[in-house]
J.: 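For reference, the structure I am asking about is given below.
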Amino acid sequence: MKFEELSQLFKKLEAISEKTGKVNVLASFIKNIPEDSLREALMLISGSIFYPWEERKLGVGEKLVMRAISIVTGISKEKIEELFVKLGDLGLVAEKLSSEKKQKTIFKKELTVKEVYETFREIGNLEGEGTIDKKVRLLSNLLLHASPLESRYIVRIALEDLKIGVGEGIIIESIASAYSLNPEDVEMLYAVYNDFGEIIYKIRKEGKTVIQNITPLLGKPLRVMLAIKAESITEAFDVVGRPAMIEAKYDGFRVQIHNINGRLELWTRRLENVTKQFPDVISFIEESMTLDKPFIIEAEIVGYDQRNKKYLPFQMISQRIKRKYDIERMVKEIPVEARVFDVVYFDGKSLMNVPFKDRRNLLEKIINPIEGKIQLSEGIITSSDKEAQDFFNEAIERGLEGVMFKNLNAPYHPGRRVGYMVKLKPTKETLDVVIVGAEWGEGKRGGWLTSFTIAVRDEETGELLEIGEVGSGFKEKKENPDDVTFEDMTNMLKNYIIRSEGKRVYISPKVVIEVIYDEIQKSPKYSSGFALRFPRFVRLRPDRSVEDIDTITRVMELYERQKG
DNA sequence: CATGACTGCCC
DNA sequence: ATTCTGC
DNA sequence: GCAGAATGGGCAGTCATG
């Protein structure tokens, strides 16, 4: 299969906004992919090069792509960055420059899907000295032989972001449509195999029989079920029904644990293998559970200080997640506890269609809790707003992140954010800050300032101290008069731009905004020494001037208060 | 050998 | 992670 | 109601650079 054909598909999908339209186009394309390009084509359509269980990564980002474009076109990196700011997308930059390039004596061979995919795998497999130059060379070589349209998508593949409005959901629907299957069945196949090419291959070969008895595969990570967010206890109950299980939400990270005939393996939410990083968790499970029956359970791994029985901040445990060296030392320095909250496979049987309350009951039976090592997540079953409120309040007082509401009768729906699980976090403080910088946006936000550097005031010196950036909470479209759009922000701020530096602009401190956040963190990056966790815009404060914004003293007080 | 830029992935 | 938007 | 695409801080690892 020619890469040109795939590029045309991408172009067509990018131009269609309706989901059903995308599914129709993609379904008919999928039916006709020849078997010898099936896996490669589906990997490229899903915008990835390596499978989630592979340890290799592509290791290509914006900077490396800009270097490659610069080499192929002979245009300076500064000029390319300028175009990037203007167009909001490096794929479009490559396309534009490629079409403007004088077609000299270029020997243009036609690229194939296989060739493109294999080249990217080769790029990802490079390591050691000289790697970056080699990657740039391989990528430029692809671009050299590519048409303008192909260049657009080669660049986006390099960044593993096709921007064609096609995600897992649409690929699943398309496969279902192509082979007249139930989308839920295809979804389950994907949740188990994590490989679109493989499941299409199976469907073609085995027909509808593939959907019989799909069960999780031991040793192969399964996609996990995600929660939606609620703003209040009543809203949470409305989503999951009454009674509901209400559980503590721990500020750690999520793992899926497989017992493969006595051997334990751990995967993260995005299916990265982290078994080596957590030998302590492995031994907790060996201590607490019998391993004679295979299982797949889910847990939150959270930092825990045994001495004062307090949970540690997320930043601590994040030091352990990707660690390859000094693992044993960190096991001692940053102890963790596993809080198990679900089981999806046990003793040869899939539990995905078993109601949550029964899965939870099974967990109670198979885990012997050991304080500070492994326990079930704390929770209550109630229909009462008052009991729910008390449980929530207590969780917050203990420094937990919030609570989860769970539908007692819900099946396990892998890979989706459905209304079976709802998270509820406490309402937060806000800060009034001034905008001192910004960055030009990408993709559909190209041409607007979309991320704003914010600062608080040192009341002693009058100096402004940066405390992070905010780019969430603004509107793209004005629907109500008081909506604040990126366009509003851009118009308001462009007169105050002091200087530009690539995508970044420095702005005279005039515009005051109110931002909300979940937590104040110590920051090595910002001049205030603090940063906001999950910052988002609330509203403009035209009534306030730079002198009225929040101070570093207040930030320090808030930081001390949240430590409890 | 130390440092910084870049990338990928936790939240 | 949060938020907005189109369907 | 959901999927997709924007956007946040900060961690470790890798490679380049000086």
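Every chain is numbered from 1, with letters handed out A, B, ... down the list of sequences.
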J.: Heavy atoms only, 4.0 Å cut-off, all strands: where does A/F537 land among base, sugar-phosphate and nothing?
T.: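 Answer is nothing: A/F537 stays at 4.0 Å or more from every strand.
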
J.: Taking heavy atoms of chain A and a 4.0 Å limit, find me the 5'-most and 3'-most nucleotide of DNA chain B within that range.
T.: B/dC6 to B/dC11

J.: Are A/R56 and A/F50 in a cation-pi contact, defined as NZ or CZ under 6.0 Å from the six-membered ring centre and within 45° of the axis?
T.: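 No, A/R56 does not sit over the ring of A/F50.
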
J.: Which label fits A/F486 and A/F474: parallel for a plane angle under 30°, tilted from 30 to 60°, or perpendicular past 60°?
T.: tilted

J.: Could you state the CZ-C1' distance from A/R323 to D/dC11, rounded to the nearest angstrom?
T.: 9 Å

J.: For the side chain of A/K324, starting at C-beta, report the closest nucleotide among D/dA3, D/dT14, D/dA6.
T.: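 For the A/K324 side chain, the nearest candidate turns out to be D/dT14.
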
J.: Base, sugar-phosphate, or nothing: which does A/K22 touch, judged by heavy atoms less than 4.0 Å apart?
T.: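 No contact.
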
J.: So which one's nearest nucleotide on DNA chain C is more toward 5', A/K19 or A/D518?
T.: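 The residue closer to the strand's 5' end, by nearest nucleotide, is A/D518.
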
J.: D/dA12 P sits how many Å from A/E333 CD, rounded?
T.: 11 Å

J.: Identify the two heavy atoms, one from A/Y250 and one from A/E300, that lie closest to each other, and give their separation to 0.1 Å.
T.: O-OE2, 3.1 Å

J.: Remember a base hit wins even if backbone is also touched, and classify A/K423 as base, sugar-phosphate or nothing at under 4.0 Å, heavy atoms.
T.: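 Sugar-phosphate contact only - A/K423 comes under 4.0 Å of backbone atoms but never of a base.
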
J.: Without decimals, in angstroms, what is the distance between A/L58 CG and D/dT14 C1'?
T.: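 To the nearest whole Å, that distance equals 14 Å.
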
J.: Just how far, in rounded Å, is P of D/dA3 from CD1 of A/I228?
T.: 11 Å

J.: Considering only heavy atoms of chain A and a distance under 4.0 Å, specify the first and last nucleotide of DNA chain C in 5' to 3' order that meet this criterion.
T.: C/dA1 to C/dC7

J.: Rounded to whole angstrom units, what separation is found between the CD atom of A/E14 and the P atom of D/dA5?
T.: 10 Å

